[in-house]
Number of protein chains: 2
Amino acid sequence: MYSIGELSKRTGVKIPTIRYYEDMGLLEQPIRSQGNQRRYSEDGLKQLSFIRHSRELGFSIEDIKELLELSQHPEYPCADAHAIATRHLEEVRERERKLRKLKKELLRITKCNADSISECAVIETLADHEQCVTEH
Amino acid sequence: MYSIGELSKRTGVKIPTIRYYEDMGLLEQPIRSQGNQRRYSEDGLKQLSFIRHSRELGFSIEDIKELLELSQHPEYPCADAHAIATRHLEEVRERERKLRKLKKELLRITKCNADSISECAVIETLADHEQCVTEH
DNA sequence: CCTTGAACCTCTAGTTACTAGAGGAACTAT
DNA sequence: ATAGTTCCTCTAGTAACTAGAGGTTCAAGG
């Protein structure tokens, strides 16, 4: 049996965040002590580790809900799990593409050697979209 | 003189968002018609274009506030503008690095060929951090 | 058994950058 | 004058937490 503080230390997830996951229906409601404090089993620890790791990989709370559900049915086909992961991968790729474009523009404008605002490439570019090399 | 709807069409910024920028102190309060409707000048259009473009490049509202302020003082040195842009570039780089790591893990796990959850690499990886090739 | 300090409880509100909707007033064209 | 569109303010919702207030429980020492 772990207290919420113990669980927090073992997983690195902050206490209010653990309660939040419970509220969201991600983490099962643990049993309570006589004084109404949360008491977690080994299973609770495993669930929270799963959640934490999924969050680190950028899955949304909703996705994790499904993934957790799936993980509790070893005999299910794993097509659904793959679909979630593949969709997420696509989102990550898309975000990366956008960041690369951003980086390109930012690299260009930060090379400015001007002294004053009146000639500054940063300000000029922001005021005039035409100066951008990529479309956005 | 542009109505808020006109301004919205010309800049591609939605009407509630324009009002939001005004509330945040980004966009100057325009004059009002007799019936209390917003009426924008050419300057308002320019300001909003600047804001929109800055947002497209990922600058925060707070950063844009400073950049707009700077842009209105052509004689100021542009070191501050550079500092903001450079810091932002660093953040973009950092996010890109993280996404690359994410992508690497996601690529690995989505290659799984299993049929059932019990052998699925997606689920296994989420349950066991040790299987990851990058640290996070 | 009692006390004390740490850890826990619930509930509310704040973060970022918007977006949607309700209920009502103003503008514009016929 | 009227109808239809556009506008007004205000409130609340989004994602995933995080912080704080005000109060209760737990565990260890005397």
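The sequence lines fix the lettering, A, B, ..., with proteins before strands; numbering per chain opens at 1. The figures that follow rest on heavy atoms only: side chains count, while hydrogens, waters and symmetry mates do not.
Taking 4.0 Å as the cut-off between side-chain N and carboxylate O, Arg10(A) and Glu6(A) count as a salt-bridged pair. A salt bridge is absent between Glu96(A) and Arg93(A); no separation between the charged side-chain nitrogens and carboxylate oxygens falls under 4.0 Å.
The CG atom of Leu7(A) sits 15 Å away from the P atom of dA7(C) (whole-angstrom rounding). When rounded to the nearest whole Å, the span between CE of Met24(B) and C1' of dT15(C) equals 12 Å. If you measure from atom NZ of Lys65(B) to atom P of dA17(C), you get 10 Å, rounded to the nearest angstrom. Rounded to an integer number of Å, the gap from Arg52(B) CZ to dC18(C) P is 10 Å. Summarising the geometry, the separation between CD on Gln34(B) and P on dA25(C) is reported as 18 Å, rounded to the nearest angstrom. Atom-to-atom, CD1 of Ile51(B) to C1' of dA17(C) comes out at 13 Å; the value is rounded to the nearest Å.
Side-chain atoms of Thr134(B) and Glu105(B) form a donor-acceptor pair, as typed in the model, at a separation below 3.5 Å. Residues Gln29(A) and Glu22(A) have side chains that never bring a donor and an acceptor to within less than 3.5 angstrom of each other. In the model, Tyr2(A) has a side-chain atom that pairs as donor or acceptor with a side-chain atom of Glu42(A) under 3.5 Å.
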One character per nucleotide, please: for nucleotides 7-17 of chain D, 5' to 3', B when the base has a protein heavy atom closer than 4.0 Å, S when only the sugar-phosphate does, - otherwise.
SBB------BB
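Residues passing the side chain to side chain donor-acceptor pair (under 3.5 Å) test with Glu124(B), sequence neighbours excluded: none.
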